[in-house]
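What you see below is based on every heavy atom in this structure, not just the backbone, and it leaves out hydrogens, waters and symmetry mates. Naming convention: chains lettered A, B, ... in sequence-line order (proteins, then strands); numbering from 1 in each chain.
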Amino acid sequence: MSEQNNNIPELFLAPYNPDDHEDNLYALWNDSGYFNPDNCIKDDITAPDAEPFSIVLPPPNVTGTLHMGHAAMLAIEDILVRYNRMQGKRTLWIPGTDSAAIATQSKVEKILLKTEKKSRHDLGRDEFLKRVNEFAEDSKNSIINQTKKMGSSLDWSRYAFTLDEPRYHAVMTAFVNMYNDGLIYRADRIVNWDPKGQTTISDDEVNYEERQAALYTFKYSKDFPISVATTRPETKVGDTAVAVHPDDARYQAYIGKTYDFTFCDVPVSVTVIADKEVDPEFGTGAVGVTPAHSKIDWDIADRAGITRRPQVINEYAKMTVGGRLSNLKVEAAREEVVTWLRAEGLLEKEETVTQNISTAERSGGIIEPLPKLQWWINVNKKFTLKHSEISGIASGSEVTLKELMIAAVAHENIDIFPERFKRVYFNWIENLNDWCISRQIWYGHRIPVWFRGGELKVQIESPGADWVQESDTLDTWFSSGLWTFSTLGWPNETDDLKTYHPTTVLETGYDIVFFWVARMILMSGYHLGQVPFKNVYLHGLVRDGKGRKMSKSLDNTIDPLDMIKLYGADATRLSLIIGAAPGNDMPLSEDKVRAYKKFANKIWNISRFVLTNIVDADWNQTPKLSERDDEILQDLQDNVAKVTTDIEKFSLYLAGENAYHYIWHELADKILEESKPILSGDNADAKFARQYVLKECLVTSLKLLHPFMPFVTETIWQHAPASLKDSSLLMVAKWPSYTKR
RNA sequence: GACCGAUUAGCUCAGCUGGUAGAGCGCUACAUUGACAUUGUAGAGGCCACAAGUUCAAGUCUUGUAUCGGUCACCA
């Protein structure tokens, strides 16, 4: 771009049009190489021993395109990154994308069914994976383009994908290490089975929906002495016990007795047992125990030493028993059992209750608890943490993963903004159970376990042609948990890992605290003895102008690309920052974006005015500042101080608002207006002093605003005379310093 | 059931460690072709959810109540 020193660049005569500049500017920044801190050091922009500042981008799923939530994330992180880069830190922001195993696989399965009427099994594992990879590749490219449109100053040379070779190596290594430490084990127990997605899922992927349901009270047979209640009569053909409270006087006589009968054509044998967990006040005070289809019942059976656990429902949520229930879906079987109970005169009561029904987060399918052989991470087992940098945990001490996760936050190795989420985090850990990490889907990291006959080996490479690999893949959050260090080269001991880990900030949505934030703390604590990040900044959900969730059904979604096209990336960014405190949902309306486009134009015109009025200034002179000039400069410093401390405190919404307010209502409304007579007056000293003041105000304002609105500020910078600048690129100019009053 | 958050101008929200209310948008009036595909100036509009308490002083701290929202847990 050309520089003009003596005249106003013609470009300033028209209003600022973002679309004319943004793509060129992004290319200018990207080509400079300064998104990569190594180049900043090489070119003497950053000191080689400067403090590091690193963020790893939460990798968007390769399931489609970016939405406003992503745009907000990019805006917040880019502000932090640009600010710190201008502060002279070794600043690294790593881009990436996430395979999002279940989400992506099911999306491709849907497309496949629609366009070719085929299932993944029709194609076979290899061919299907080829299709998923093609889809992911397309999606990846459009996501990267959109990310660039937002102005994100990411170091693309370090781009990572959760399924690429280095990450594969990290994931495999992590699995093998944890297995060898006894933290990963295989066990047969009740899992959350998603019949729709045909896979197990972890507790955190289960959602609860409140629904009305019928609660039936009945007897198994005429001769059975105790009534029980259930909302799922169809499971009762799988009962092996009835549990009562040990002190319940009503049922003392029956404890230990076994009854055989035929229930809805199925022979059933039930033993009456005592269990302290049974609430004698609830219902009849007796629980029908179905060990194979309820986690609680499984545990009750465990305690009672009952080993018989007949499975009566299969992976397709269909009955596996004979007789009238044969092959029925669970809902149909439920009605059939109730009909039978009525006919037999066994049904005693039917009432409506509200209950929470479990559904799968991704597919929406109703969870069917089933016993299955799966891989788990033990969060309560002691292991030796050889090396620890986490305060509260000494190197070489015996800890559990739970203790590690608690220590990381409790001892302030990690700060969370807003702070109230600490409590949410602790609360979650208290209730944490072992993590089921195996999934019955194909797209993802295949578990590095090999079988031959009854033998089992855990290692990355195949032990030989006669060994068969585990067909399950890993929960996507297993690999995501490694993200802060797998992106930096782990398990290799790279310079990046030494310099940039723990990362400085993790910025993500509060809805993902358990899935991701907690798992990263677990993985980083275990594998490195470090926290994954020193600060967590949690943003809210982007909502519409009326505070409603953006959704396709409400037709109130706003596409970031549309906003960028209409109003520019700068306006889009600022609209997602101002009024958005961490942890709070962010209202966004098109009006708001439009308002900030006007602001971009305001800066444009301020610059035009100032640049026009300082062309004849000779900066070699020393300005003789009036009292008012001093006051203006001091006020400018105060605003620099305010913006700087607010960014340091992660109060970006305050910093942005302050910069906006100062530039519009102080600089433009007051300072520029009062300068007009001085600039056109005949007091040469006063005029030059004011020119100097205006120059300072403009240069400083452009710098202050650059992290928030990088495009318009850099455009102006590129067209300002070299004599005003300390760097040819505003992106790597020095952040203004200030002295406190 | 447990925990968390919100409740301030018509709308969306700021008000940090307590000193008797602010911004943006909207509205009304006036001015202006100006650095400004407009902008500026001025104005109207609030028992800061309710109650009690601490204090010389409370949107601001404590307790309780109500309404809305959220997270987690869950009994058949």
Side-chain angles (χ1 to χ4, degrees), chain A residues 8 12-17 203-204 206-208 210 213 215-217 227-233 235-236 239 242-244 275 277-290 294-297 300 353-356 358 418-433 510-511 513-514 540-541 543-547 549 575 578-581 583-589 591-592 594-613 645-646 649 651 653-654 657-658 660-661 664-665 667-670 672-673 675-676 679 694 698:
Chain A
I8 331 155
F12 282 103
L13 296 175
Y16 176 64
N17 180 18
D203 294 347
D204 297 285
V206 177
N207 287 338
Y208 297 95
E210 215 168 63
L215 178 69
Y216 303 97
T217 306
S227 302
V228 295
T230 185
T231 54
R232 298 201 58 187
T235 64
K236 297 292 105 180
D239 283 13
V242 163
V244 298
D275 193 286
E277 294 297 305
V278 178
D279 178 1
E281 305 293 323
F282 188 90
T284 62
V287 183
V289 178
T290 324
S294 154
K295 187 170 183 332
I296 292 159
D297 293 5
I300 293 176
V353 294
T354 34
Q355 66 161 25
N356 277 330
S358 314
E419 207 178 348
R420 71 184 127 96
F421 280 95
K422 278 189 186 176
R423 198 191 276 258
V424 177
Y425 172 82
F426 289 131
N427 188 24
W428 177 80
I429 293 180
E430 271 169 38
N431 293 313
L432 183 63
N433 293 315
Y510 65 71
D511 54 332
V513 169
F514 307 138
L541 265 51
R543 293 176 178 273
D544 74 2
K546 292 172 183 152
K549 221 175 199 170
S575 69
I578 294 184
N584 290 349
D585 291 349
M586 305 171 253
L588 177 73
S589 61
D591 281 345
K592 195 173 175 187
R594 195 181 296 123
Y596 292 121
K597 181 186 195 239
K598 287 187 187 170
F599 179 53
N601 197 52
K602 191 76 182 177
I603 306 153
W604 189 251
N605 281 297
I606 290 168
S607 304
R608 172 177 162 189
F609 177 86
V610 174
L611 294 177
T612 310
N613 281 288
T645 50
D646 280 338
K649 284 191 295 191
S651 299
Y653 64 112
L654 293 179
E657 199 177 286
N658 191 273
Y660 172 90
H661 196 265
W664 197 315
H665 299 298
L667 183 57
D669 289 354
K670 303 211 174 99
L672 256 51
E673 288 304 325
S675 298
K676 285 175 185 173
L679 294 166
L694 288 179
L698 177 66

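Applying the 4.0 Å criterion to OP1 and OP2 of B/A37, one finds that A/Asn605 has a side-chain N or O inside that range. Here A/Asn601 reaches the OP1 or OP2 of B/A37: one of its side-chain N or O atoms lies under 4.0 Å away. Between B/C4 and A/Arg423, a contact under 4.0 Å exists linking OP1 or OP2 to a side-chain N or O.
If you take CG of A/Asn658 and C1' of B/G22, they are 14 Å apart, rounded to a whole angstrom. When the P atom of B/C36 is taken as reference, atom CZ of A/Arg594 falls 22 Å away, rounded to whole Å. Between the CG atom of A/Leu541 and the C1' atom of B/U12 there is a distance of 17 Å, rounded to whole Å. In this structure, A/Phe514 atom CZ and B/C3 atom P are separated by 16 Å, rounded to whole Å. The CZ atom of A/Arg232 sits 12 Å away from the P atom of B/A76 (whole-angstrom rounding). Atoms CE (A/Met586) and P (B/G5) sit 19 Å apart, rounded to a whole Å. Straight-line distance from the NZ atom of A/Lys670 to the P atom of B/A35: 20 Å, rounded to whole Å. In this structure, A/Leu694 places its CG atom 13 Å from P of B/A35, rounding to the nearest Å.
With a 4.5 Å cut-off on side-chain heavy atoms, A/Ser675 and A/Leu694 count as touching.
Two residues, A/His661 and A/Lys676, neighbour RNA chain B, and the one matched to the more 5' nucleotide by heavy-atom proximity is A/His661. Looking at which nucleotide of RNA chain B each of A/Gln355 and A/Asp204 is closest to, the 5′-most match is held by A/Asp204.
Residue contacts shown for A/Asp591 are absent, as no nucleic acid heavy atom lies under 4.0 Å away. Here A/Asp297 lies out of heavy-atom contact (under 4.0 Å) with every strand. Using a 4.0 Å heavy-atom criterion, one finds that A/Thr231 contacts the sugar-phosphate atoms exclusively.
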Could you list all N or O pairs between the protein and nucleotides 14-17 of chain B that sit under 3.5 Å apart?
from	atom 1	to	atom 2	distance (Å)
B/A14	OP1	A/Asn584	ND2	3.4
B/G15	OP1	A/Tyr653	OH	3.3

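Comparing B/A37, B/A76, B/A35 by their nearest atom to the side chain of A/Pro15 picks out B/A37.
With A/Asn605 contributing its side chain and A/Asn601 its backbone, the two residues share a donor-acceptor pair below 3.5 Å.
Look at the P atom in both B/G46 and B/A57: the space between them is 27 Å, to the nearest Å. Rounded to whole Å, the separation between the C1' atoms of B/C30 and B/G24 comes to 22 Å.
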